[in-house]
Amino acid sequence: MNDKKNATLTVPEIDPYFYADSNTLNILNKLHKISERHPVNILVAGRQGCGKSSIVRQFAAVHNKPLATFQVGILSEPGQLFGEYTLEDGETHYKQFLFPMALQTPNCIIHLEEINRPENPKALNMLFSILSDDRQVWMDELGLLEVAPGVIFFATLNEGDDFVGTELLDPALRDRFYVILMDYLPNEVEKEVLINKAHISVDQADAIIDAVNTLRSNFELSVEVSTRTVLMIGEIVAAGATLKEALTTSLQTSKETLESILLALHVKNGYLEKGSYEYRRF
Ligand SMILES: Nc1ncnc2c1ncn2[C@@H]1O[C@H](COP(=O)(O)OP(=O)(O)O)[C@@H](O)[C@H]1O
Ligand SMILES: [Mg+2]
């Protein structure tokens with residue numbers, strides 16, 4: 001994890017078809033201004049696949065800043081982001097990871113992914129002082145680490161069935177962030193993204209958006225269709241799949257729910273229907 005020997009921090013490429021509402025963009029511009037005076041922390045919350053990671057990447061790309069992303073969701077102990085002890089020629093050495101380097105890189109965008117679910121909540125302890133006004137942390141192994149000027153911390157947080165809102169995040173941590181709430185794109189914009197990113201026709205995009213709308217508005221089915229899923233559907237349709245095949249392979253749901261979905265969408269030959277497939281050797 002993050003331990004590439006010659007890891008370098010790079011500026012990501014701009015996504016020419018990334019859309020966000022003007023309110024969000026205005027706020028991000030203001031936060032960017034503040035970051036020129038002192039480091040800023042921004043929490044991006046929203047449902048799975050709504051574009052949280054993408055907006056962080058796009059922010060770095062547009063402002064020409066290096067991006068470093070760290071999976072907080074898999075952390076189990078406080079020092080884990082910083083480095084580890086390794087044994088070389090019978091001697092123990094402390095090997096520094098990418099995180100301390102990112103902290104000390106001016107203007108670096110540091111993305112803490114899935115901050116709501118570290119395996120062990122104590123794993124966040126060392127982040128507290130870095131995100132506080134002190135902007136520094138002391139480590140026996142590395143000495144005093146100070147956050148470089150212009151650094152912006154973005155934390156992303158998945159809201160879903162098991163996690164609603166930012167209130168479950170440790171208040172001491174939450175207090176240190178500006179919050180940006182995201183949601184799925186409106187239909188016309190999502191269609192634009194679909195046509196341009198999945199390379200499908202306007203008619204195909206319309207059919208997909210229609211189906212997705214039916215699913216999103218049917219609460220009994222309770223399937224969430226994220227922007228990511230919509231793009232997956234689009235890509236497999238672009239590769240020649242029928243809408244039914246695309247839905248069947250892209251929606252992560254039970255066979256029963258899938259059957260109801262296909263019925264609701266009037267897609268003929270339900271997934272569970274027997275006898276509708278010929279079996280061949282693979
Ligand atoms: N607003 C958007 N404009 C264009 N593409 C988007 C947008 N939101 C999401 N996507 C696309 O959907 C996919 C999932 O987005 P991602 O940022 O990984 O979601 P999250 O981090 O919220 O789970 C990516 O391929 C991304 O390019
Ligand atoms: Mg993400």
Side-chain angles (χ1 to χ4, degrees), residues 1-2 11-29 41-63 65 67-75 81 109-119 152-166 168-169 177-200 202 204-205 208-209 211-213 215-216 223-239 246-247 249-252:
M1 186 185 72
N2 309 323
V11 179
E13 268 180 46
I14 289 182
D15 176 348
Y17 300 107
F18 186 80
Y19 293 81
D21 67 85
S22 54
N23 191 33
T24 300
L25 294 177
N26 281 337
I27 296 287
L28 282 177
N29 272 334
N41 309 327
I42 306 171
L43 179 70
V44 184
R47 289 181 281 180
Q48 180 92 38
C50 73
K52 299 180 296 294
S53 298
S54 308
I55 206 170
V56 177
R57 198 180 318 117
Q58 189 75 345
F59 183 93
V62 166
H63 293 290
K65 293 171 194 282
L67 172 70
T69 301
F70 303 93
Q71 303 295 332
V72 173
I74 56 173
L75 293 183
L81 277 178
I109 303 299
I110 301 182
H111 178 191
L112 305 168
E113 187 126 44
E114 298 210 27
I115 199 161
N116 50 317
R117 45 178 113 220
E119 264 179 40
I152 303 181
F153 290 94
F154 273 95
T156 50
L157 181 153
N158 273 332
E159 289 178 300
D161 298 339
D162 53 336
F163 192 86
V164 187
T166 57
L168 287 183
L169 199 64
F177 286 93
Y178 288 102
V179 177
I180 290 190
L181 302 174
M182 288 185 77
D183 208 343
Y184 302 141
L185 294 167
N187 281 167
E188 327 80 73
V189 186
E190 200 164 49
K191 184 173 147 188
E192 201 62 35
V193 172
L194 197 49
I195 292 169
N196 287 300
K197 286 193 174 175
H199 309 292
I200 53 173
V202 176
Q204 286 172 318
I208 293 172
I209 297 283
V212 166
N213 273 345
L215 300 181
R216 283 182 179 159
V223 279
E224 279 217 348
V225 191
S226 70
T227 307
R228 179 186 289 121
T229 310
V230 173
L231 278 172
M232 285 172 66
I233 295 171
E235 274 175 9
I236 195 161
V237 165
L247 293 169
T249 43
S250 307
L251 298 174
Q252 272 98 48

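First listed ligand is number 1; within each ligand, the first listed atom is number 1.
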For E113, what is the atom name of its N, O or S atom nearest to the Mg ion (ligand 2)?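 Answer by atom name: OE2.
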Is the side chain of T249 donor-acceptor paired with the backbone N or O of A246 at a distance under 3.5 Å, no angle test?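 Flag set: sc T249 to bb A246 pair under 3.5 Å.
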Can you find a pair of side-chain heavy atoms, one from [X] and one from [Y], that are under 4.5 Å apart?
X	Y	answer
L215	V225	yes
N29	H63	yes
V230	V193	no
E114	V72	no

Flag E114 as yes if one of its N/O/S atoms falls below 2.8 Å of the Mg ion (ligand 2), otherwise no.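 E114 does not place any N, O or S atom closer than 2.8 Å to the Mg ion (ligand 2).
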Look at the N, O or S atoms of S54, main chain and side chain alike, and state whether any lies under 2.8 Å from the Mg ion (ligand 2).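 Not a single backbone or side-chain N, O or S atom of S54 is under 2.8 Å from the Mg ion (ligand 2).
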Distance under 4.0 Å, heavy atoms only, partner ligand 1: which residues pass? Y17, F18, Y19, R47, Q48, G49, C50, G51, K52, S53, S54, L185, V193, K197, T227, R228, L231
Quick one: pull up CG in L181 and CG in D183 and give me the separation to the nearest 0.5 Å.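 Here the interatomic distance stands at 9.0 Å.
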Result of checking L157, L43, N158 against K52 for side-chain contact (heavy atoms from CB on, under 4.5 Å):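 Single pass found, and it is N158.
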